[in-house]
Amino acid sequence: MAFTPPSYETIRDGILRDIRSQLPDADIGSDSDNFIRSAAVAAAIEGLYQHQAWIYRQIFPDTSDENELLHHAANRGLQQKAAVAATGTVTITGTQGITLPLSATLKHVASATVLVSTAAVTIDVSGTGLVPVIAQTTGVAMNALAGAVLVTSPPLGIDAMASLSTATTGGSDIESPAALLVRLLELLRNPPAGGASYDYKRWAKEVDGVADATVLPKRRGPDTVDVVITGANGAPSDQVIAACAAYIDNLRPATAEVFVYAPLIRTVNATANIELASGYTLADVQKAAQTAYSEELSSLAPGALLKRSRIGTVLGNLAGVADYSVLTPTGNVAATDVPGAVGWIRPGTLTLGLMS
């Protein structure tokens, strides 16, 4: 039977009752010395009970405080994953043969984010060069940067204005305590087994920048393992993929051949007509629909099929929708149409119109 700590009032009244049982004539009124002393002792005892309850919660990782959760994880060899910087590619222009050096700084015009080149790049015969860059600041907020970039102190012969040819991707925040707890519970429930499928999943998720992993054993034949990794906000960067492959390579069974890669992103847009319930506007429902649509599709794992009925479920559960008709897609959507590839459906936009 569960133990319920007594309340402050229960402890105090118990002390007063014991005093009266020993001294029948004792004054235990609210303004008596006995009452004041009993209240003070009861408050101290209540604090001890609360401390014991706190200690009990720290015994188990799923109820412990953040500091103690980190302690539990460390005892199992798990560390909180660090934040990762987003990467992208900048197109520069200038005179053929002029080189932009390694670690050159560039500033994203719209956000003032500082980017740093990760390789020296020489302008080619076309007068352009593709510069791989990494955000100086880590985190998810650095993803999806696009547009104009200013080269800070460009060498003579290189134009100051440039542009991101590929939007930045792969940035992730420091791992949350909740995500660390999920990894710890997975480890406790699935102890290391020397190369089982869940071992590869756990190994991949221990790498900074990897949010989740899908393991496909024997996809290329016996003793082969495909590990498809995803980032916190889409596909991981090439650096994260390389780091994950190197990390797993040090842990895998000697006979296993492991392939680590990101899935092909397939963004799915949808359209539908709805009948509004009384008191609702299309704008209000549109905003809620987009949020629900994004949440629904974000739960899909790499390789998973998008069933058209899920879009109907999203619409049917929205406040303000009396009826609906899904226009597109017209059927279920496969994760990819590329033979042999692993696709990953990501939410695009859900556009609503009114039923006639």
Side-chain angles (χ1 to χ4, degrees), residues 76-78 81 84 86-87 132 143 166 169-172 175 179-180 182-268 294-310 329 331-348:
R76 294 284 178 169
L78 300 182
K81 292 188 289 187
V84 174
T87 60
N143 289 332
T166 58
T169 60
S172 63
E175 185 178 25
L180 178 61
V182 169
R183 290 201 294 126
L184 177 56
L185 294 178
E186 286 178 347
L187 176 61
L188 295 175
R189 294 163 182 166
N190 301 289
S197 293
Y198 57 76
D199 283 328
Y200 288 93
K201 183 181 180 74
R202 185 181 70 255
W203 293 335
K205 292 176 69 175
E206 289 173 356
V207 177
D208 296 342
V210 178
D212 204 356
T214 299
V215 180
L216 306 172
K218 302 179 181 179
R219 188 166 185 262
R220 304 168 193 257
D223 296 326
T224 66
V225 181
D226 282 30
V227 182
V228 185
I229 61 174
T230 58
N233 195 33
S237 65
D238 292 341
Q239 289 88 336
V240 171
I241 295 172
C244 185
Y247 184 76
I248 293 177
D249 190 58
N250 290 328
L251 299 172
R252 63 173 176 80
T255 58
E257 187 176 8
V258 183
F259 301 87
V260 179
Y261 52 91
L264 294 179
I265 301 295
R266 182 169 200 174
T267 302
V268 177
S294 297
E295 291 177 352
E296 181 71 18
L297 268 64
S298 293
S299 65
L300 292 173
L305 175 80
L306 170 60
K307 294 184 178 180
R308 185 170 180 265
S309 60
R310 296 183 69 164
N332 296 338
V333 181
T336 183
D337 292 332
V338 180
V342 177
W344 189 29
I345 291 177
R346 297 288 81 198

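Side chains are part of it too, since the values below use all heavy atoms of this structure and drop only hydrogens, waters and symmetry mates.
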For [X] versus [Y], what's the shortest heavy-atom pair and its separation?
X	Y	value
L300	L305	CD2-O, 4.0 Å
V228	A262	CG1-C, 4.2 Å
R183	L78	NH1-CD2, 3.8 Å
T267	G348	CG2-CA, 3.5 Å
I345	A304	CD1-O, 3.8 Å
V84	V240	CG1-CG2, 4.0 Å

Exercise. ring-ring contact (aromatic ring centres under 6.0 Å, His included): which pairs involve residues 224-262, sequence neighbours left out?
Worked result: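 Applying ring-ring contact (aromatic ring centres under 6.0 Å, His included) to every pair that reaches into residues 224-262, excluding sequence neighbours, yields nothing.
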For this session: From the options D223, T224, V225, select the one residue that forms a side-chain contact (heavy atoms from CB on, under 4.5 Å) with E257.
Result: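 Result for side-chain contact (heavy atoms from CB on, under 4.5 Å) with E257: T224.
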With no hydrogens and no angle check, is any side-chain donor or acceptor of [X] less than 3.5 Å from a backbone partner on [Y]?
X	Y	value
Y198	P191	yes
R346	S298	yes
R252	A254	yes

Problem set entry | Neighbour count above 12 (heavy atom, 6.0 Å) for R220 CZ |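 Check passes, neighbour count above 12.
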If you define the side chain from C-beta out and look only at heavy atoms, does anything of [X] sit under 4.5 Å from [Y]?
X	Y	answer
V258	V227	yes
L264	V338	yes
Q239	P132	no

Exercise. What is the distance from atom OG1 of T169 to atom CD1 of I265, rounded to the nearest 0.5 Å?
Worked result: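 So the OG1 of T169 and the CD1 of I265 are separated by 9.5 Å.
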For this session: Hey, could you give me the CG/CZ distance between L185 and R76, rounded to the nearest 0.5 Å?
Result: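 So the CG of L185 and the CZ of R76 are separated by 11.0 Å.
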Problem set entry | Under the side-chain contact (heavy atoms from CB on, under 4.5 Å) test, residues paired with D212 that sit two or more places apart |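 If we apply the side-chain contact (heavy atoms from CB on, under 4.5 Å) test to D212, skipping adjacent residues, the hits are K201, K205, T230.
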Problem set entry | Counterpart residues, side-chain contact (heavy atoms from CB on, under 4.5 Å), relative to D199 (two or more places apart) |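 D199 satisfies side-chain contact (heavy atoms from CB on, under 4.5 Å) with P192, A193, A196, R202, W203 only.
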Problem set entry | side-chain contact (heavy atoms from CB on, under 4.5 Å) between T214 and V342, worked out | CA-CA 10 Å; T214 299; V342 177; over 6 Å; no
Problem set entry | Test side-chain contact (heavy atoms from CB on, under 4.5 Å) applied to D238 and T87, step by step | CA-CA 9 Å; D238 292 341; T87 60; over 6 Å; no
